[in-house]
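One structure is given below, encoded as structure tokens.
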Number of protein chains: 2
Amino acid sequence: MVYGGCVPAHRPARIGFLLSQLGAHAAARFDDGVSSLGLTPQQAGVLRILGRSPGVSQRDLAERLGIVQSRMVALIDGLESLGLVARSRSATDRRSYRLELTDAGRDRLADVRRIAERTEAGLTAALTAKQRDDLYGSLRMLATSLGLDEDVHIGFRADG
Amino acid sequence: MVYGGCVPAHRPARIGFLLSQLGAHAAARFDDGVSSLGLTPQQAGVLRILGRSPGVSQRDLAERLGIVQSRMVALIDGLESLGLVARSRSATDRRSYRLELTDAGRDRLADVRRIAERTEAGLTAALTAKQRDDLYGSLRMLATSLGLDEDVHIGFRADG
DNA sequence: TATTGTTATACTCTATAACTATA
DNA sequence: TATAGTTATAGAGTATAACAATA
């Protein structure tokens with residue numbers, strides 16, 4: 001028995017519930033933050049991926065974000081009309097676009113990262129630095145063991 | 001400096017993202033489970049609360065679950081037609097209902113708890129018992145520090 | 001006058017499938 | 001024939017606000 005004595009061997013299942021509850025809360029706080037930039041969490045996710053992988057197509061992007069191709073159209077339309085993303089035709093396959101951040105898009109991505117760090121700080125304010133690192137390690141191990149991709153994130157939305 | 005050396009002092013914000021990602025995954029797995037019982041996660045949530053607090057009104061229930069009163073009507077209608085929940089008029093205030101589990105409802109609640117434990121086991125299979133307990137402690141501390149209620153759970157839904 | 005439960009309506013978000021242009 | 005992008009439409013889920021019965 002590894003249990004330290006303060007936790008019953010048949011403790012009710014709570015980690016799943018807490019993860020779901022905290023995850024919804026974290027997503028809502030991030031939504032609050034990017035809303036102040038005039039962005040949705042989905043738009044922020046597109047900026048993040050384009051920052052790391054310039055030149056991807058709408059189809060690639062849709063697959064990485066776990067959404068349908070047809071939804072990507074309006075998503076990129078919006079970012080393009082904000083001047084944050086630019087479409088150009090691929091030289092090798094004229095059916096597909098090369099998507100890239102504009103200079104303004106790179107600036108906005110930096111804003112998004114600041115928002116993410118501020119959200120993170122607000123979430124974990126009650127933890128010590130060691131607790132934060134341990135938690136990060138456990139969550140990473142969980143995500144890896146469950147085969148969750150670094151980008152794909154079906155649930156990153158507001159939910160109130 | 002408390003950092004152990006393996007984590008940079010300016011590590012990017014990831015705990016919020018991981019919480020949101022894992023939370024969505026946990027909710028989706030729980031949804032899979034209760035779907036096999038013919039229930040939605042919301043219906044399962046109602047059963048859970050009624051198991052602990054028999055006799056509450058629809059309004060109380062709506063507030064605890066963080067949803068609107070008007071949505072509760074169809075939710076209870078469904079559970080009533082499944083024979084899992086019973087409405088009776090309150091003796092002291094004939095505007096409101098007393099909501100209670102039926103015998104079948106109690107049986108189904110036991111099924112839901114089994115599903116929750118199975119989901120939990122699947123989620124945390126990669127962790128040692130000590131890691132599980134530490135993680136549980138950290139998540140509890142987070143939820144408490146953020147003022148998250150034990151019942152209210154705006155994000156417990158499918159998301160695919 | 002305020003509150004519980006109810007209903008009707010409208011709105012948001014999303015997937016599906018049909019369409020075009022290129023390959 | 002298959003694929004990238006596009007469009008139109010329909011469906012699910014939701015909140016909003018007006019209503020009846022009771023306090």
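Only heavy atoms go into these numbers, but all of them, side chains included; no hydrogens, no water, no symmetry mates. Because the structure is predicted, anything quoted here is derived from the model rather than measured.
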Could you state the CD1-P distance from I76(A) to dT7(D), rounded to the nearest angstrom? 14 Å
CE of M72(A) versus P of dA4(D): gap in Å, rounded? 13 Å
Please confirm whether the shortest side-chain N or O distance from Q58(A) to OP1 or OP2 of dT6(D) is below 4.0 Å. yes
If you look at every heavy atom in P54(A) and E100(A), which pair is closest and at what distance? CB-CG, 4.3 Å
Return the value, rounded to whole Å, for the distance between atom CG of D93(A) and atom P of dA4(D). 8 Å
Looking at R87(B), does any N or O in its side chain come under 4.0 Å of the phosphate oxygens OP1/OP2 on dT6(C)? yes
May I have the distance from R71(B) (atom CZ) to dT9(C) (atom C1'), rounded to whole angstrom? 16 Å
To the nearest angstrom, the CD-P distance between Q69(A) and dT14(C) comes to 17 Å
So which of I67(A), L65(A), V34(A) actually passes side-chain contact (heavy atoms from CB on, under 4.5 Å) with Q42(A)? I67(A)
Closest-nucleotide mapping onto DNA chain D: is I67(B) or S57(A) further toward the 5' terminus? I mean the 5' end. S57(A)
Under 4.0 Å, heavy atoms only, any strand: does S70(A) hit a base, just the sugar-phosphate, or nothing? base
Classify S90(A) by what it touches in the nucleic acid, base, sugar-phosphate, or nothing, heavy-atom distance under 4.0 Å. nothing
Any donor-acceptor N/O pair under 3.5 Å between dT3(D) base and R95(A) side chain: yes
Here the gap from R87(A) atom CZ to R98(A) atom CZ, rounded to the nearest 0.5 Å, amounts to 14.5 Å
Tell me the interatomic distance from R98(B), atom CZ, to dG5(C), atom P, rounded to whole angstroms. 13 Å
Y97(A) OH - dA4(D) P separation (whole Å): 14 Å
When every non-hydrogen atom of Q69(A) is compared with those of R59(A), the smallest separation belongs to OE1-NH1, 3.8 Å
Give the rounded distance in Å between these two atoms: CD of E80(B) and P of dT6(C). 9 Å
Looking across every strand, which nucleic acid part, if any, lies under 4.0 Å from R89(A) by heavy atom: base, sugar-phosphate, or nothing? nothing
